[in-house]
Amino acid sequence: MENNDLKHPLRAIAIGFLVLVALLIGYGAIRANWRKTHDNPTPKYIFLFIGDGMGNSHVCATESYLSWKKGKLGGEQLLFTQFPQLALASTYSADHQVTCSSAAATAFSSGVKTNNNYIGVDPDRNPTRPFSMDLHEQGYRVGIMSSVPINHATPAAFYAHSASRWGYYPITLELPASGYEFFAGPGFCEWTGADNDQMPTETYLASKGYPIAWGEKEFREKMKTEQHLIFCQENNRGKSADDYTIDYDSTWVSLGGMLELGLEYLGDKDPFFILCEGGEIDWCAHENSVYPMVQAIRRFDDAVRVAYDFYLAHPDETLIVVTADHETGGLAVGYNFDWQFSVQDWKKLEDRWIADGCTDTMPHAERLRWQQECGFGWTTNEHTGAPVPVYAVGKGAERFHGRIDNTDIPRLIQGKSITGR
Ligand SMILES: [Zn+2]
């Protein structure tokens, strides 16, 4: 008995000690995990949305349309304009006040100003390093998607290096070296090399471990086994992208749909970086067509909503940044020369588009005049040097505020310091 009496307190102390050690180990593990999430300035899940050519007036016109649909003059907002953080980014390139998409995309991907038409190389033609490649090395899975071809300027700046953005086939040849897990878009520009004697794009990509899945059904089959996968729109073999249209091919998977597929494929176990481009916003603006441009921005906003739903499920670990590479068209919400405020006649615009079978059949000069009557003016069918808005929500979003430069965006996403911050 005496012996047992002595043993009981000792046993109790030993058990207490072991429990304490276990609790400390458990706390340490929880704390380490917490620190990994909260102390790392780079968010675990990153979405970068580029509305190609989407300037402030394009966003304003879209919200004007949404308000008109509700019988109001204003007040209706896109989802991304409701994000808490807003900055304004300058867009000039290394050799022009007015940038092209490839120089701007190089600024986003690598934080380097380069010349117009250069892609993933600096002004001396040295390759630049996309930050998505650094993230990939750190264990991030990477998805690159666009509503225009996968080897177009904006997506290409995240994997290719070329002094000519127009060399689509050589750009495609660089895709597999990225090691990124997922690509998506309508298709590719140039399905064979210039001499027609090189390996077809689809064969080449498959030989490097990047098979193409045509359409959603095939994608769902292949995603079960493939380590890398490219989604292209069904029945679009040999073609690149539809012309812009307000009546987007309803058999196609939308940009938001491609993002859903990407999220399903990438999963949320590992960190990821996703680039998502609304490319046809720019194409509509080059054509100076306000009505289809507005519909393109609405589809882009639908894709942002997919990311936003993901953010709501992972609010402490997700960053969403929405911006543009430049403004296209010099769009003005307002056109009048007789000292009267213009009226935005959305009904007239919409009725005409529907009556025309939702295609842009009007000659350019007539289209400009028609839109002026409806209260919209365009100054160019090219890009302009206007700064663009940057919207952000989520982890690290507070870093996006005030006046920034487009080259700051990759640094701000990763929580690295920029001049003046
Ligand atoms: Zn453009």
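Just follow the structure's listing: the first ligand is 1, and inside any ligand the first atom is 1. For this chain, numbers begin at 1 and follow the sequence in order.
Look at D282 and the Zn ion (ligand 1): an N/O/S atom of the residue is under 2.8 Å from the metal. Taking backbone and side chain together, H326 holds no N, O or S atom under 2.8 Å from the Zn ion (ligand 1). Taking 2.8 Å as the threshold, C100 does not count as a candidate ligand of the Zn ion (ligand 1), since none of its N, O or S atoms lies below it.
When rounded to 10 degrees, the angle formed at the Zn ion (ligand 1) by NE2 (H383) and NE2 (H286) equals 90°.
Under a cut-off of 6.0 angstrom, the local environment of NZ in K44 is crowded, with over 12 non-hydrogen atoms contributed by other residues, nucleotides or ligands.
The OH atom of Y169 sits 7.0 Å away from the CE atom of M199 when rounded to the nearest 0.5 Å. Taking CD1 of I144 as the reference point, atom CZ of F183 lies at 6.0 Å (rounded to 0.5 Å).
For the 3.5 Å distance criterion, the side chains of T114 and D122 fail to qualify, holding no donor opposite an acceptor.
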